[in-house]
Amino acid sequence: MKKGLVVFLNLALLSLLCMPVFSQPSSKSVETFVMDNFDKEDGHEWTWTVNASRFIAEGYPKYGYFDGIPNSLKPLRKADDGDPKVFGVKTAFNRKGDNWFEIYPTKDNKPYEIPFIGTVTQLDFWVWGANYMYYLEVMVRDADGRVHVLPVSTLAFNGWRNVVVNVPGWIRQHSKQRSGRPELTFVGFRVRSDPEEFADDFMIYIDQLKYTTNSLSQIFDGYELKDTDFGSATSPSASQTTSQTGSNAEGK
């Protein structure tokens, strides 16, 4: 009796495992997207801008694209990739204190937030430190419109370092509201100085900004229909609406 029960349970379990599952994207479908490698100033629909706090020295911040690449990325370059570039910023403040500056994308001379694809788990990029006690942060905006500041690391090191920032699972990345924000967006970088650190000569460079995501997390059967434009769809005329309203009133 027991042997027959065991055989039955094994067959039942096998049948469940073999049953097809429809419209269930794989939770292991992980991809890495390069948001910007900074090799071309006009390589995207956005460009990068820097804004600083009130005690910034005259003529600063200075920023632009410069020749350079972390040594670890050199073997990944192809011969036809052109000269590698990085994005760099130099600042000087008139006094020590809680000084800060932000590096963020712009489009048409206005701040632009870069949308992420899928459900993001990590941000990954290279940063060049000047061995100052400054603090690097990443800013993202969730599907409810709130900006979250994610701490990255201090910049108290020399040269290039690869950093990985985990995106907490409690940050809402997708919204059910049709009129709401559709996804998580990248707002920018923020760098803050330690109040006791020197503030008159600081540099930072950034390269190879990318992120890891489950790109299929929000894909379902009929996904393309969610953005249907009903602007030219059939709707009742004013006379029909009035007639229907009158009929409803008489029925009551």
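We use all heavy atoms of the structure for the numbers below, so side chains are in, but hydrogens, waters and symmetry mates are not. Nothing fancy with the numbering, it's 1 onward along the sequence.
Note: Trp48 and Phe87 have tilted aromatic rings, judged against thresholds of 30 and 60 degrees for the angle between ring planes. A perpendicular orientation is assigned to the rings of Tyr134 and Tyr132, their planes being inclined by more than 60° (bins at 30° and 60°). Below 30°, between 30° and 60°, or above 60°: for Tyr205 and Trp128 the angle between ring planes is above 60°, a perpendicular geometry.
Between Arg146 and Asp144, at least one side-chain N (NZ, or NE/NH1/NH2) sits under 4.0 Å from a carboxylate O, which counts as a salt bridge.
Taking CD1 from Ile206 and CG from Leu136, the interatomic distance works out to 6.5 Å, rounded to the nearest 0.5 Å. A distance of 12.5 Å separates CH2 of Trp100 from CZ of Phe55, quoted to the nearest 0.5 Å. To the nearest 0.5 Å, the span separating OH on Tyr135 from OG on Ser193 amounts to 9.0 Å. Residue Glu31 holds its CD atom at 8.0 Å from CD1 of Ile117, rounded to the nearest 0.5 Å. In this structure, NZ on Lys90 lies 5.5 Å from CE on Met203, to the nearest 0.5 angstrom. With values rounded to the nearest 0.5 angstrom, Arg172 atom CZ is found 15.5 Å from Arg141 atom CZ.
For Phe186 and Tyr211, the ring centers sit 6.0 Å or farther from each other.
Here the closest non-hydrogen pair linking Val34 and Asn37 is CG1-N, 4.0 Å. Among all heavy-atom pairs drawn from Asp36 and Trp46, the shortest one is OD2-NE1, 3.4 Å. Nearest heavy-atom pair across Pro105 and Val187 is CD-O, 3.4 Å. For the residue pair Val50 and Pro61, the shortest heavy atom distance occurs at CG1-CG, 3.7 Å. Minimum interatomic distance between Thr185 and Glu113 (heavy atoms only, all atoms of both residues): OG1-OE1, 2.8 Å. In terms of heavy atoms, Ala199 sits closest to Arg95 at CB-O, 3.7 Å.
Sparse packing is recorded around CZ of Phe198, with 12 or fewer heavy atoms of other residues, nucleotides or ligands lying under 6.0 Å away. Enclosure of atom CG in Asn158 by more than 12 non-hydrogen atoms of other residues, nucleotides or ligands within 6.0 angstrom is indicated.
With contacts defined as side-chain heavy-atom distances shorter than 4.5 Å, the pair Trp170/His148 qualifies. Glu197 places none of its side-chain heavy atoms less than 4.5 Å from the side chain of Leu155. Here the side chains of Trp160 and Ile69 are not in contact, with every heavy-atom distance at 4.5 Å or above. Taking the side chain as every heavy atom from C-beta outward, Val167 and Gln173 approach each other to under 4.5 Å. Proximity of Val140 to Phe116: side-chain heavy atoms (C-beta onward) are separated by under 4.5 Å at one or more points. Counting heavy atoms from C-beta on, the side chains of Ile56 and Phe101 never come closer than 4.5 Å.
With sequence neighbours left out, the salt bridge (Lys or Arg N to Asp or Glu O under 4.0 Å) criterion links Lys96 to no other residue. Thr49 meets the side-chain contact (heavy atoms from CB on, under 4.5 Å) test with Tyr63, Tyr104, Thr106; sequence neighbours excluded.
Using modelled atom types, one side-chain atom of Arg77 and one backbone atom of Gly82 make a donor-acceptor pair closer than 3.5 Å. In terms of modelled atom types and a separation under 3.5 Å, the side chain of Thr154 and the main chain of Met133 share no donor-acceptor contact.
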Evaluate side-chain contact (heavy atoms from CB on, under 4.5 Å) for Leu150 paired with Ile171, printing each intermediate quantity in order. CA-CA 11 Å; Leu150 307 179; Ile171 294 181; 4.2 Å; yes
Passes ring-ring contact (aromatic ring centres under 6.0 Å, His included), Phe189 versus Phe125? Steps please. CA-CA 11 Å; Phe189 300 96; Phe125 57 95; 5.1 Å; yes
Output, in order, the C-alpha distance, side-chain angles, deciding distance and verdict of side-chain contact (heavy atoms from CB on, under 4.5 Å) for Thr47 and Tyr65. CA-CA 11 Å; Thr47 186; Tyr65 294 78; 4.2 Å; yes
Determine, step by step, whether Asn162 and Asp124 satisfy the side-chain contact (heavy atoms from CB on, under 4.5 Å) criterion, reporting the C-alpha distance in whole Å, the side-chain angles of both residues, the deciding distance to 0.1 Å, and the verdict. CA-CA 7 Å; Asn162 180 227; Asp124 182 321; 2.9 Å; yes
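Under the 4.5 Å side-chain heavy-atom criterion for grouping Ile, Leu, Val, Met, Phe, Trp and Tyr, Met35 is connected to Val138 within one hydrophobic cluster. Hydrophobic clustering, with ILVMFWY side chains joined whenever heavy atoms are under 4.5 angstrom apart, keeps Val165 apart from Trp126. When the side chains of ILVMFWY residues are joined at heavy-atom separations under 4.5 Å, either directly or via intervening members, Ile103 and Val163 end up in a single hydrophobic cluster. Val164 and Leu184 are not part of a single hydrophobic cluster, where members link through side-chain heavy atoms under 4.5 Å apart. Leu76 is not connected to Leu209 by any chain of hydrophobic side-chain contacts under 4.5 Å among Ile, Leu, Val, Met, Phe, Trp and Tyr, and they are in different clusters.
A salt bridge (charged side-chain N to carboxylate O under 4.0 Å, His left out) check over residues 59-68, counting only residues at least two apart or in different chains, returns the pairs Asp67-Lys85.
There is a side-chain donor-acceptor pair under 3.5 Å between Gln122 and Asn166.
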